[in-house]
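Report on the structure given below.
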Amino acid sequence: MKLRNNDISKQLFIIAAAVLTVVRLFLAWTQYATIYPPLAPIDDHFMFTTAQNIVAGEWFGDYNYLTLSKHAFFAVWLAFLHIIGVPYMVGSAALWAAASAVLVLAVGPVIKKNWAKLFLYAGLLYNPAVWAQFSTRIYRDNIFPSLCMLFFGCVLAVGLRYKQPVKSWTLWLVGYGVTFGLVYLSREDGIWVLPFAAIAFIVLIVMWIAEKEKGIVKRVVVLMLPFVLSAGVICSYCYMNYTHYGRFIVSDFTSSDFEEAYGALMSIEQENWHPLIAVPSDVREKLYDEVPSFAFMEEALEEPILKNGYFRPELGDFQSGGFYWAVRTALQNEGWYETPQKAQQYYETLRAEIEQAVAEGRLPAKKLGASVTSPIRPQYILPVMAEGFRGFKTAMFFEQCDPLAEMAVGTAEEIAEVENFIRQKGGTILVANTTTVYLPPVQRITHTFMRLMNIVYKVCIPLMFLMSLCWQIKQLLWDIKCKKLSGYTMLNIVLLGLAGMALLRCFMIAYVEVSAFNIGTYGMYLSTVYPLLILYSFVGTIKNFEK
């Protein structure tokens, strides 16, 4: 294990990586989980109860307005951890460690020194966002960054091996296809990673043509493998929904019938447009009069328990991010969610009646949309730009990454039920005269370490990001000067893609925040941006110091 050629041996690399991993898993074991069953019925609690149903052999359980409301692979993951007996935070940390390892292996062709690989692995493994408070929630964003980074790792591995024989990157294509399927099944906006894959596909073909690579047709045909595998993963999930509920869909929230019906509601022209109100009261009044299937909503939406949950007094109306849940809850109360088919029939009827009313001139609309996202308007541009940069700043400086979980909320029985299922404790004791969760001595030490690491990332990542950017610019100028592709051209393209995806995610979330959520910049929705910035910063910095 002696140092040779300014590098460490492979054995030392493996030992050090193993030690780093064990320590990281121990840190996860000492964390509390954020538990609040009563406060998150459509988020954390829904995922938890769905996981319970899976373990009981009932798939997602009895059908209601929530059963197929979300892309819920996280519930499958949570059930899997319960079955194999692994504590929740430890299992999530292990998945992140696997993603970190895949990323290190993926960049093997351009980062060959073992010390550099160990440096990169440590940088990814101790990402403060993975232990941040928002990641302690029993919710899908706990594993979404890991799945996304597994996907990115597999895609860039293929790109960095584009000159090698097909067999050297076929296994990476398998991972590419499977991980995209899991990313898509984890969040409704999981499709956001597709631009990275689509551009990579185009770049590969262009590079092969530019370099007159042999067997281009064969290589392009093999590149179709991920699409087949992704379809297989997604269709398997849909088949489970079909066998239990008679609908071959991922969710009835993203199904065409719901999106078309809700899109039609949002398409009716408004008298006084407000950026946070998708279907205001003046539009609803017209709908009550002209659309028979919507008329009962006039009373249904006034139910006290429903208004308390979704009506915003400061806006004087239902906010965009809550109105579709208000509609679904009202329909549940009126009996439309007795079966999946009955709910589907309602939404198809609603859409048809709105179309007819518009065609007859009884409702004002230029074109009926088909989405649950508010239509893009010029008025959103400046607020989205501002929020997007706030989100990028939040991720760049690792804000909102404190590892201490929130105080558990609920009865002792409710909290114990969750703790027993996830095999992880929640914070149930407060420090005297404070609202801070009490930590025993060992946890105080580990949490102090995690907070110190957060400070290190706050200082180092912005500087390393600039170093990586400088390396990119220098390499690009060299390529232009030489008027030819270099050995680092593909790496430069990959780094550009990583930075671009980080920005894309920031501005996607910014649009949802400005047009629907209005909750302020929230790190959980940016959880995939933090690791992208780490990967970009570390790889470019390493190239600056490699000889």
(message) Treating Glu513 as the side-chain partner and Ile519 as the backbone partner, does any N or O pair qualify as donor plus acceptor under 3.5 Å?
(response)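 The answer is yes, because a donor-acceptor pair under 3.5 Å joins these two groups.
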Is it true that [X] and [Y] have a side-chain N and a carboxylate O under 4.0 angstrom from each other?
X      : Y      : answer
Lys307 : Glu302 : yes
Glu387 : Arg390 : yes
Arg140 : Asp44  : no
Glu399 : Lys458 : no
Glu353 : Arg362 : no
Arg351 : Asp257 : no
Lys70  : Asp43  : yes
Lys286 : Glu290 : no
Arg284 : Asp289 : no

(message) So Tyr380 and Ser515, do their side chains get closer than 4.5 Å, heavy atoms only?
(response) yes
(request) For residues Ile42 and Leu66, determine if any side-chain heavy atom of one lies less than 4.5 Å from a side-chain heavy atom of the other. (result)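 They are in side-chain contact.
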(message) With rounding to the nearest 0.5 angstrom, report the CD to CG distance, Glu260 to Leu265.
(response) 12.5 Å
(message) Please tell me whether Glu360 and Gln356 have a donor and an acceptor in their side chains that are separated by less than 3.5 angstrom.
(response) yes
(request) Could you walk me through whether Asp62 and Thr67 pass side chain to side chain contact (heavy atoms under 4.5 Å, CB included), step by step? (result) CA-CA 7 Å; Asp62 294 335; Thr67 309; over 6 Å; no
